[in-house]
Amino acid sequence: MTEKNIRVRFAPSPTGPLHIGGVRTALYNYLFARHHGGTFILRIEDTDQARYVEGAEEYIMDSLEWAGIKTDEGVREGGPFAPYRQSERKEIYRQYSDELIRRGDAYYAFDSPEELEQLRKEHESRGATFNYGCATRMTMKNSLTLAGKEVEKRIASGEQYVVRYRMPENEDIHFSDLIRGDIVVNTSTLDDKVLYKSDGMPTYHLANIVDDHLMEISHVIRGEEWLPSLPLHVLLYRSFGWDAPLFAHLPLLLKPTGKGKLSKRDGDKMGFPVFPLYWPYGETASGYREEGYFPEAFVNMLALLGWNPGTEQEIFTMDELIAAFSIDRVGKSGARFDPDKAKWFNAKYFQAKSDEELARLFMPVVEEKGFQPDFARLVKIVSLVKERAGFVRDLWYEADFFFVAPESYDAEVVRKRWNTDSPRQMTELFGMVAGVQPFTTEVLETSVKEWIVSKGYNTGAILNLFRLLLVGASRGPHLFDIAALIGRDETLARLGNGIGRLASTTA
Ligand code: GLU
């Protein structure tokens, strides 16, 4: 197979928001395709009308776009194998269902859902499980047991039916998975799956196989939950006489506890998103984009959940991921999702951004708070506080005092630092600071420190009080940077205000 023939697909069903495990599947397909100079296809598998959710398809495409996973052929992009939405390919599947019947590998079944339910219940009451398969099919109402004429009559009269795959009896099926190696499954453990329904819709199995064949898919890379379907898929390829693609089933994403699969319901319950974007319909759910994650950090984090580069490197651009990715390094065991590690990745990307870029991203946050800062000043502010933040939104908490004077004072700091000498010392400081020329970080720092020594005061105590009055708490970057940046007038106003408001504390 030449590299040009590498064609992979991500084939989600639009049944709700796309889970981050789905994004990881898409990402691995994309990295694999790009690494080999192949094609990445997005196919929408929407044949299960009952599970169709409005808005989910757009959501899937928007998520991939946000993550920087570029689709070569798909619903939005079009392509030589269009349409890429299965509901628009209905006609195609019927022909293939018919063909399997002609070949004797599938049959019509007329058993009603009520009859099947009844059988299931009867078996259950005996502690057994009902399977429609080689052990039972000859006792059921289908084209294997009914006369040809009868079958024709039933179909012509519009009776509901399904087409089932005729699973061979007691045969060992050998196949292999690029991640899991060689697998053998005996067909006696498998049932006669429904492939097609008389409402004109194929089931997942038939549509998936037919489309992978027609779209010339070379590698099927998908979640481990599809591994149990693989023997049937391998048999379907054999029945049609087609070469099967190669398969790779990705390990599950596990809950942060390491126990059990990371489910759609875990996220907001455990305090982190499980979806790439905010989901706005019905039961809403948070998303990485809205939580302030950079898409590059999100993708980097996902890439390492199940794949390892074989080196200590953790930070990868998309191009580096493409260059390094290989299926051989995808693990077999589940990958534990760690929300703290996700934050860590974001902080890494955050710290790597220039002060200018962060200031540009921070600007709307500041504007929303009602301020119109000068850009150069904002860049300076960002440079002072960025090392304490990992997200753009954290910047406001780290820098709010550059914009607003304290409205209250941290009670703990007041209790520890503010005593009967404080009003006098701070008033002296006020007078001293009023005369500092020029009002820069360096000059201010030298002047204040010399003054403290000349007075015989405790440096730590005075500087802590100074910070308390400027910031309202004991947080923030270098004290003299804060004073220099808010300027002399504001520094004096905050000192005056603080002395006035805290005086009563010790009065
Ligand atoms: N439509 C299936 C899903 O929702 C696709 C599985 C596959 O990739 O074969 O995951």
Side-chain angles (χ1 to χ4, degrees), residues 6-33 38-53 55-61 63-64 69 71 73-75 81 83-90 92-93 96 165 175 177-180 183 193-196 201-237 242 244-253 261-264 274-276 302 306 327 330:
I6 299 278
R7 291 176 56 82
V8 294
R9 84 303 191 274
F10 177 51
S13 298
T15 54
L18 181 64
H19 183 275
I20 52 175
V23 184
R24 187 197 58 172
T25 301
L27 176 65
Y28 285 13
N29 272 283
Y30 174 75
L31 296 176
F32 183 77
T39 305
F40 173 68
I41 295 145
L42 175 66
R43 184 172 73 225
I44 298 291
E45 300 208 327
D46 58 348
T47 56
D48 190 348
Q49 304 277 287
R51 295 185 61 218
Y52 183 83
V53 171
E57 188 181 304
E58 290 293 306
Y59 181 96
I60 290 166
M61 293 190 269
S63 299
L64 298 190
I69 299 170
T71 304
E73 296 173 22
V75 172
F81 299 87
Y84 291 90
R85 195 184 276 120
Q86 287 186 328
S87 58
E88 292 169 26
R89 303 170 62 80
K90 272 162 72 171
I92 300 174
Y93 310 119
Y96 288 99
Y165 187 66
F175 49 93
D177 180 89
L178 294 173
I179 296 169
R180 270 139 225 290
I183 306 175
K193 282 270 178 295
V194 174
L195 300 177
Y196 190 84
M201 277 296 191
T203 59
Y204 155 72
H205 303 292
L206 180 69
N208 188 268
I209 259 52
V210 165
D211 284 346
D212 282 348
H213 172 71
L214 295 179
M215 294 181 180
E216 297 174 10
I217 299 302
S218 61
H219 294 71
V220 167
I221 304 170
R222 62 185 171 194
E224 185 184 275
E225 62 274 29
W226 300 104
L227 194 57
S229 301
L230 188 52
L232 170 64
H233 294 186
V234 169
L235 282 166
L236 281 167
Y237 281 102
W242 297 334
L246 298 175
F247 294 95
H249 286 83
L250 306 175
L252 292 176
L253 287 192
K261 181 177 160 187
L262 180 67
S263 87
K264 291 198 173 190
V274 279
F275 301 116
L302 274 186
I327 295 276
V330 175

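For ligands, and for the atoms within them, numbers begin at 1 and follow the listed sequence.
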Does Y204 form a ring pair (Phe, Tyr, Trp, His ring centres under 6.0 Å) with H233? I'd like the steps, not just the answer.
CA-CA 10 Å; Y204 155 72; H233 294 186; 5.6 Å; yes
Nearest heavy-atom contact between V8 and A33 is CG2-CB, 3.7 Å
State, yes or no, whether a side-chain contact exists between P251 and R24 at a heavy-atom distance under 4.5 Å.
yes
May I ask you to test the R222-N208 pair for a side-chain heavy-atom distance under 4.5 Å?
yes
Please tabulate protein-ligand N/O pairs under 3.5 Å for ligand 1, atom names and distances to 0.1 Å.
unit_1: ligand 1; atom_1: 1 (N); unit_2: A11; atom_2: O; d: 2.8
unit_1: ligand 1; atom_1: 1 (N); unit_2: S13; atom_2: OG; d: 3.0
unit_1: ligand 1; atom_1: 1 (N); unit_2: E45; atom_2: OE1; d: 2.6
unit_1: ligand 1; atom_1: 4 (O); unit_2: S13; atom_2: N; d: 3.3
unit_1: ligand 1; atom_1: 4 (O); unit_2: S13; atom_2: OG; d: 3.2
unit_1: ligand 1; atom_1: 8 (O); unit_2: R9; atom_2: NH1; d: 2.7
unit_1: ligand 1; atom_1: 8 (O); unit_2: R9; atom_2: NH2; d: 3.4
unit_1: ligand 1; atom_1: 9 (O); unit_2: R9; atom_2: NH2; d: 2.9
unit_1: ligand 1; atom_1: 9 (O); unit_2: Y204; atom_2: OH; d: 2.8
unit_1: ligand 1; atom_1: 9 (O); unit_2: N208; atom_2: ND2; d: 3.0
unit_1: ligand 1; atom_1: 9 (O); unit_2: R222; atom_2: NH1; d: 2.8
unit_1: ligand 1; atom_1: 10 (O); unit_2: W226; atom_2: NE1; d: 3.3

Any Y93 side-chain heavy atom under 4.5 Å of Q86 side chain
yes
Those residues that, when tested against D212, pass side chain to side chain donor-acceptor pair (under 3.5 Å) (two or more places apart):
R9, R43
